[in-house]
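Heads up: the structure comes next, in structure tokens.
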Amino acid sequence: MNLLGKVAKEFGEYVAGEDQLGVRSEDAAVERLLQRVSDGILPDDRREALAQLRDLLTGNPQAQVALGNAGLPVLCTVLCDERGDLEMVRGALECLVLAVHPGASSGTSRAGRKPQPGAINAELLVRVPGALALVVGLLQGATGSDFYVAYHTVQLLTALGAGNMPRLQEAVLAAPMGVARLMDLLGSDHEVLRNEALLLLVGLTRASADVQKIAAFEGAFERVLSIAREEGGADGGIVVQDCLELLNNLLRTNPGNQLMFRETGHVSGLLALLQVAPPRSSRRRGVARQAAANLLAALETVHLLLDPPKGPQAASAAEEKQREENRVSNQAALLRGSALDALLALALLSSSVPSPAVRTQALQCVQKLLVAMPQAQMALMEASLSLREGGSVPALQALLRPALQARNAGERAAAAAVLQAFCRGNSEGQSMLVATVLPVGEEGAPGGDHSTFGSELVRALAGPDPAAAAWAAVVLRGVLDGNSAGKERVLRIPLELPAGMQSAPSLLLPLCVSCLSSALQTGRSGYSACVLLRLLITWVGGCPVAATQLIEISDALPLLLDTLTGRFKNTDPVVRGLAAVLLGTCALPNAGSDGDSDGAGDRAAGHVYDDGENPLDRDFTVWLPAFEARLRSLVSASGVAMSAAAAKMPAAVRPVVQHGVVTGLQREIAELRARNSALEQSSAASNGAEAAVAQPSLYGESGALAVRAAEAEVRAGRAEAEAASLREELDGLQERYRDAATELDAARSQADEARVTAARLEADLKGLSSAYNNLEAHAFALEKRVGEHGAAPAGDAAPGVSEAEAARRETAAAEAAGAQAEEGLADLLALTRHMRLT
Amino acid sequence: MSYAYLFKYIIIGDTGVGKSCLLLQFTDKRFQPVHDLTIGVEFGARMINIDGKQIKLQIWDTAGQESFRSITRSYYRGAAGALLVYDITRRETFNHLASWLEDARQHANPNMTIMLIGNKSDLTHRRAVTTEEGEQFAKEHGLVFLETSAKTAHNVEEAFINTARKIYEKIEQGVFDVSNESYGIKVGYGAGGAGQTVRPGELPAAKSSSCC
Ligand SMILES: Nc1nc2c(ncn2[C@@H]2O[C@H](COP(=O)(O)OP(=O)(O)O)[C@@H](O)[C@H]2O)c(=O)[nH]1
Ligand SMILES: [Mg+2]
């Protein structure tokens with residue numbers, strides 16, 4: 001941090017290390033000129049000296065160094081004492097600008113490592129007492145209205161800010177009209193001056209709420225939007241991007257400014273910047289790239305209004321509430337301003353700016369626009385897009401295409417997330433989508449007149465592209481989630497698939513099972529299996545009819561049991577866990593029905609987790625432990641009515657299912673916890689990156705991915721070890737189960753001997769806890785019999801057998817019988833405990 | 001949403017005199033007894049009506065701390081009106097008025113309308129500055145004066161609206177060059193003017209810098 005020390009060293013190096021003669025002559029020349037500037041008597045001579053100094057400094061790092069410590073105060077003194085002499089002021093300012101100029105960054109590695117003389121001088125100048133205030137003060141009064149003075153002052157301030165923005169912010173705030181004057185310059189007729197002021201304000205508004213607020217007070221919003229408009233909007237040059245960057249700084253973490261932005265009706269001005277002109281064939285690549293950059297900046301504005309970034313400190317409940325209120329107001333204002341149409345056009349029709357980044361960001365904005373906002377969902381349901389080739393297509397159907405087919409993974413995830421956000425808490429919308437799963441005619445080619453949302457979805461599910469099928473499953477889950485009418489209805493719709501696909505099942509549920517089967521058997525990515533399992537879990541949950549139908553599909557149960565017992569090679573533990581959850585859901589379809597409200601609280605609070613490539617999203621991890629607890633209590637409670645689906649399972653399979661469900665769940669939850677924390681970490685990491693990177697649309701994705709990859713490796717290792725030990729555990733348990741069964745047989749025969757009806761015990765074995773009750777009853781009976789046994793010999797006692805002997809026998813018999821009963825009871829207790837624990 | 005004029009106000013005065021509460025009472029019609037400094041609403045807007053004309057008020061709350069004076073000064077130039085607030089239960093806030101006024105005179109445009117506000121009039125039992133003293137000060141310095149209570153809302157509407165009326169009168173008298181926005185006044189477009197929504201596909205009518 002000791003820059004000054006470094007500076008001294010650098011100076012030494014420059015002086016001693018370089019071509020000695022040359023350097024010394026620079027040194028002497030600079031010194032002579034400074035002498036003339038400070039001590040000259042004739043103003044003309046001093047002006048002349050400043051002009052020569054300027055020429056000497058131009059493109060000359062050695063002269064920059066030579067000026068250094070001694071020269072900067074001299075120039076400051078000129079600025080201070082000669083304010084009335086505009087030419088002097090201009091001359092001194094020009095010298096200062098050159099002194100702090102970063103210089104042509106020479107490609108040599110040596111120059112790259114060293115602090116540049118310009119940066120060193122900037123640091124030195126900031127430390128000259130009063131210098132910053134002096135320079136900022138030049139913007140006022142007669143000097144400030146001189147174009148050259150204003151222009152060089154702004155340039156100088158920009159260079160000084162690059163090295164030490166907080167100091168500059170302080171100085172600008174300390175000057176009563178500092179920000180106000182810069183805002184005036186933003187309205188300057190001189191374009192170069194305006195553009196320089198714009199750049200300076202971009203720096204000054206970064207991370208300073210005070211500067212942001214004053215700039216907004218001084219009319220920054222309309223200035224910035226009108227400049228962006230005049231410069232051609234999204235199709236304009238880099239000035240438009242600068243304007244939007246300033247706008248983003250003003251709004252990013254400033255609820256007061258966001259309120260003002262809305263209140264003053266600027267939302268429409270912002271949305272106008274999302275318009276792109278129809279493509280011109282002559283459009284050069286560079287232009288398209290700039291347009292994409294402009295659009296990304298404008299979309300960032302929309303994004304941060306819809307999902308205001310959190311401040312660095314943990315927010316209090318009151319702040320959290322304020323943030324949420326603010327978010328909702330922004331959302332409503334954007335929706336009123338027809339943001340949806342503008343965003344959909346960019347996301348789905350932006351052939352003029354072929355940028356996946358723009359489309360993805362636009363999709364993400366659409367998704368945020370839908371969060372907990374029924375009016376937005378309604379608007380999306382009604383929206384349609386007119387196609388270039390004529391005709392129109394419902395927006396939802398148009399969204400399905402990128403969700404299934406986009407080449408860019410981020411874009412696909414973003415489109416799928418929009419559809420999910422549309423479906424959340426929107427049963428009307430879901431039902432409308434379910435209704436589009438119509439029998440499909442052969443002629444219904446995608447995009448043709450006959451194709452619908454539903455038909456395209458089904459086609460993708462049944463189609464040859466596994467990635468598209470997986471995303472179709474993700475979308476379909478959203479369509480069915482929490483909508484039991486929809487779940488039942490879609491069970492019955494016959495699918496008429498095109499000719500090539502006729503081997504596929506003609507109902508949707510069997511189709512999904514067959515997809516799952518091929519995903520599991522090919523052992524390809526676990527991802528497909530995961531999303532299909534999650535689709536089935538959602539479908540079956542709260543829908544006993546679906547559960548029954550699923551079990552009745554001939555392959556379904558063996559498939560799931562094989563998955564559960566690890567019969568397939570390389571089955572991801574998560575897949576096994578999900579298979580367990582699915583079986584559990586089939587057995588008790590209503591156990592998870594509380595899950596209809598899954599994550600609703602989170603959504604209300606505006607947390608939106610994108611599904612991305614992670615099949616285990618936040619909602620699921622919230623839902624699962626509750627489901628598990630519910631299932632556990634239902635499994636262990638005696639006499640619970642199992643579902644019709646469970647009744648259809650072979651009796652022998654049922655305990656295995658129960659057992660598997662519960663162990664599967666334990667493993668699942670361990671895995672999920674690990675994934676969840678990884679998920680949160682990576683989202684925290686990308687949030688951090690977001691704060692650091694000027695263009696949050698990039699989100700530091702690659703860094704986060706690397707972190708995730710490393711974590712995945714660790715997890716894979718852990719999961720493997722876990723799976724191995726669990727397999728052992730399972731084997732052990734099965735052995736113990738067999739042992740226990742043998743013991744049970746023994747207990748049974750003992751019970752026979754004790755004349756308690758084995759049949760009753762047998763019948764009651766269905767529920768282990770009732771067996772436990774029976775055994776207690778049995779023990780009681782035994783005791784009673786022992787009592788009778790004891791009583792009978794007393795009656796029949798042959799003379800000669802003493803009373804004492806009779807009493808002794810009685811006790812022994814009672815003890816033996818008691819021990820027998822105890823043993824049987826202990827066995828069963830142990831067995832019950834196994835079943836409950838596992 | 002359309003307005004004939006837009007006026008920018010600032011609220012100034014010592015810490016704790018009730019500036020934030022006055023703003024909240026005027027814009028949200030509520031009183032928050034314990035005001036959390038960190039979540040102060042720093043900006044508020046409301047439409048009012050004067051002589052059948054819609055007037056939009058944009059009001060900035062300023063931090064009163066002495067250490068932030070330089071920042072407060074930044075707001076003077078662009079404001080058409082200022083509410084200079086003291087607390088009738090704390091004499092020192094009254095004593096500081098002169099220095100606030102000097103600041104304002106130095107940095108504001110000379111035509112800025114200043115309303116002197118003696119706030120917390122509900123706390124009669126703790127009154128430390130009499131109404132007459134407030135009136136006297138206002139008279140000496142050419143200010144309009146009102147005693148208010150942000151708690152009971154007494155005179156709060158009047159404080160903001162009378163200030164607007166005063167500015168409006170000055171406009172009618174031609175005191176301002178309203179085309180110069182730095183006075184904190186903007187001319188609106190009447191019906192269909194500012195705040196219009198622009199549908200995608202149609203660019204907003206190109207206007208000069210004062211669009212909203
Ligand atoms: N009784 C009473 N208390 C008030 C009134 N206005 C503000 N306060 C209280 O005075 C304190 C400071 O108010 P605040 O608006 O934060 O002052 P600021 O620092 O000028 O913004 C808070 O505790 C308010 O509840 C009022 O009219 N009557
Ligand atoms: Mg306050």
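In what follows, every heavy atom counts, from backbone to side chain, and hydrogens, waters and symmetry copies are set aside. On a predicted model such as this, the values are computed, not experimentally measured, just so you know.
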Check: Taking everything shown except B/K170 itself, do over 12 heavy atoms lie less than 6.0 Å from its NZ?
Finding: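 Result for NZ/B/K170: enclosed.
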Next item on the list: Count the heavy atoms of every other residue, nucleotide or ligand shown that sit under 6.0 Å from CD of B/E102, and state whether that count exceeds 12.
Entry: no
Check: Does A/K213 count as lying over the ring of B/F43, i.e. NZ or CZ under 6.0 Å from the six-ring centre, within 45 degrees of the axis?
Finding: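 No cation-pi geometry.
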Item checked: Stepwise side-chain contact (heavy atoms from CB on, under 4.5 Å) test for B/R77 and A/F217 -> CA-CA 10 Å; B/R77 186 190 69 161; A/F217 174 80; over 6 Å; no
Margin query: Counting heavy-atom pairs under 4.5 Å with chain B, which one of A/V267, A/L173, A/N257, A/I214 comes out on top?
Written below: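 Counting heavy-atom pairs under 4.5 Å, the top option is A/I214.
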Notebook entry, point to check: Which bit of B/Q58 is near chain A, if near means a heavy-atom gap under 4.5 Å: side chain, backbone, both or neither?
Noted result: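 Only the side chain of B/Q58 comes within 4.5 Å of chain A.
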Next item on the list: Only counting residues at least two apart or in another chain, list the ones meeting ring pair (Phe, Tyr, Trp, His ring centres under 6.0 Å) with B/F26.
Entry: B/F160
Next item on the list: Identify the two heavy atoms, one from A/A175 and one from B/S74, that lie closest to each other, and give their separation to 0.1 Å.
Entry: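 Nearest pair, atom of A/A175 first, then B/S74: O-OG, 4.3 Å.
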Item checked: Minimum-distance pair of heavy atoms, taken over all atoms of B/K8 and A/G219 -> NZ-N, 4.0 Å
Notebook entry, point to check: Salt-bridged, B/R46 to A/E263, with N to O below 4.0 Å?
Noted result: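 No, B/R46 and A/E263 are not salt-bridged.
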Note to self: Please enumerate all residues that pass side chain to side chain donor-acceptor pair (under 3.5 Å) together with B/T89, with sequence neighbours excluded.
What the structure shows: B/D87
Margin query: Please classify the contact between A/M260 and chain B as side chain, backbone, both or neither, with a heavy-atom cut-off of under 4.5 Å.
Written below: both
